[in-house]
Chemist: 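After the structure tokens below, expect a handful of questions from me.
The figures here come from the full heavy-atom set of this structure, side chains too, leaving out hydrogens, waters and symmetry mates.
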Amino acid sequence: MARIAKMIAVAGIAAGVLVSTPANATDLLGGLLGGLLGGGSNSGTTTTAPTKGTVTSVTGDQTAVRYGTATVDFNGAGTGANYTQNGFSLRGTGVLQTGNVNGTSAPLGDATQYLSVNGGKTATLLATDSTKPGFESVSLYWGSIDAFNLLSILDTAGNVIDSFSGNFVASPGSNSDLPYNDPKYNQYVTYTLNSLTGQKIGGLKFASSTDAFELDNVTFFNRAPTSVPEPATLTLFGAGIGGLVAASRRRRKKTA
């Protein structure tokens with residue numbers, strides 16, 4: 001009976017934290033109950049949340065086209081330790097690969113070359129072109145998002161501005177049972193820096209305590225990204241305008 005009362009009390013405390021800190025609530029609740037019951041898939045997991053910008057993502061968003069200032073898709077020649085593209089250089093111990101290799105999984109639906117950062121490794125992507133003085137926002141296709149993945153936003157000098165972990169984005173479950181091909185854990189993620197900081201984004205740092213951090217198609221924006229209408233949408237829009245013009249002409253004839 002005393003054990004049941006203790007469980008209820010802990011659950012009440014966790015519920016209070018859930019209301020006050022939503023970014024960390026899932027993991028804190030899992031940690032409290034996991035510690036009480038002797039386990040739990042989120043036990044020991046810490047959520048790192050951004051403090052200087054906002055993160056947006058949509059479950060199942062694997063195919064949306066990003067229109068930005070500069071894109072690094074990792075499809076050029078080179079290795080993960082020495083790779084350059086569109087004025088950006090990749091340094092560190094990341095690996096460029098295709099498909100599922102040695103416990104790492106390609107981002108869902110991605111048949112091209114992507115970047116993988118294995119456990120205990122880091123990789124840094126930084127603008128080295130002087131014509132790229134910094135950006136407002138950055139987007140990437142994050143594959144099989146794990147709680148132990150950490151994405152850091154860098155300024156133009158390579159210093160960390162902000163960081164957030166995979167479980168801030170998708171709240172992954174047990175790492176050992178994580179369904180790597182679930183759309184929930186494969187999605188485009190966009191970070192937009194608060195302009196009031198007076199800083200600019202110059203690159204990204206990828207780190208993972210366990211295998212692995214997989215990503216592709218990093219796009220930098222001079223402003224917060226906006227959606228561009230699909231061709232079919234543009235056609236419908238044009239047809240609507242044409243209809244309005246025709247109707248206006250008919251009204252003028254009747255008036256005359």
Side-chain angles (χ1 to χ4, degrees), residues 55 57-129 132 135 138-154 164-167 169-170 172-191 201 203-221 225:
V55 175
S57 61
V58 179
T59 297
D61 179 10
Q62 291 92 36
T63 58
V65 178
R66 298 297 186 269
Y67 299 88
T69 306
T71 297
V72 178
D73 61 15
F74 304 108
N75 292 331
T79 65
N82 187 17
Y83 180 83
T84 59
Q85 185 181 13
N86 291 339
F88 287 84
S89 293
L90 179 66
R91 297 293 182 266
T93 48
V95 178
L96 300 182
Q97 58 189 37
T98 304
N100 301 337
V101 182
N102 297 328
T104 64
S105 305
L108 184 62
D110 191 347
T112 65
Q113 192 166 256
Y114 65 94
L115 174 65
S116 175
V117 181
N118 294 326
K121 310 293 185 180
T122 63
T124 299
L125 182 68
L126 191 66
T128 53
D129 187 343
K132 296 178 172 61
F135 305 90
V138 61
S139 174
L140 72 154
Y141 184 22
W142 195 334
S144 58
I145 303 173
D146 294 305
F148 44 77
N149 296 159
L150 182 67
L151 176 63
S152 295
I153 313 299
L154 308 179
F164 58 97
S165 53
N167 54 345
V169 179
S174 172
N175 295 328
S176 61
D177 300 324
L178 181 65
Y180 67 90
N181 59 350
D182 187 330
K184 175 181 178 181
Y185 305 120
N186 294 266
Q187 52 188 279
Y188 273 94
V189 177
T190 300
Y191 174 91
I201 299 172
L204 299 174
K205 181 177 181 180
F206 316 99
S208 190
S209 59
T210 306
D211 290 350
F213 192 149
E214 301 98 336
L215 67 125
D216 203 354
N217 302 335
V218 180
T219 300
F220 295 86
F221 304 86

Chemist: Output all residues satisfying side-chain contact (heavy atoms from CB on, under 4.5 Å) with S105, sequence neighbours left out; order by chain, then residue number.
Modeler: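 By the side-chain contact (heavy atoms from CB on, under 4.5 Å) rule, S105 matches N100, S144, Y180, E214.
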Chemist: Name every donor-acceptor pair, under 3.5 Å, that has one atom in a side chain of residues 116-125 and the other anywhere in the protein, sequence neighbours excluded.
Modeler:
none

Chemist: Identify, with sequence neighbours excluded, every residue that meets salt bridge (charged side-chain N to carboxylate O under 4.0 Å, His left out) alongside D73.
Modeler: none
Chemist: Identify, with sequence neighbours excluded, every residue that meets ring pair (Phe, Tyr, Trp, His ring centres under 6.0 Å) alongside F74.
Modeler: none
Chemist: Residues in side-chain hydrogen bond (donor to acceptor under 3.5 Å, both in side chains) with Y141, at least two apart?
Modeler: none
Chemist: Residues in side-chain contact (heavy atoms from CB on, under 4.5 Å) with D182, at least two apart?
Modeler: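 In terms of side-chain contact (heavy atoms from CB on, under 4.5 Å), with neighbours along the sequence ignored, D182 is linked to P179, K184, Y185.
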Chemist: Quick one: list whatever passes side-chain hydrogen bond (donor to acceptor under 3.5 Å, both in side chains) with T112, sequence neighbours left out.
Modeler: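 Expected list: D110, D216.
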Chemist: According to ring pair (Phe, Tyr, Trp, His ring centres under 6.0 Å), who are the partners of Y114, at least two apart in sequence or on a separate chain?
Modeler: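 Here no residue qualifies.
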Chemist: According to side-chain contact (heavy atoms from CB on, under 4.5 Å), who are the partners of S89, at least two apart in sequence or on a separate chain?
Modeler: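 Scan of S89 (side-chain contact (heavy atoms from CB on, under 4.5 Å), adjacent residues dropped) gives T84, R91, T128.
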Chemist: Report the residues that fulfil side-chain hydrogen bond (donor to acceptor under 3.5 Å, both in side chains) with T104, sequence neighbours left out, ordered by chain and then residue number.
Modeler: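 T104: side-chain hydrogen bond (donor to acceptor under 3.5 Å, both in side chains) contacts with Q97.
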Chemist: side-chain contact (heavy atoms from CB on, under 4.5 Å) with N102: which residues, sequence neighbours excluded?
Modeler: none
Chemist: Could you pull out all residues at least two apart from S57 that satisfy side-chain hydrogen bond (donor to acceptor under 3.5 Å, both in side chains)?
Modeler: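 So S57 forms a side-chain hydrogen bond (donor to acceptor under 3.5 Å, both in side chains) with Q187.
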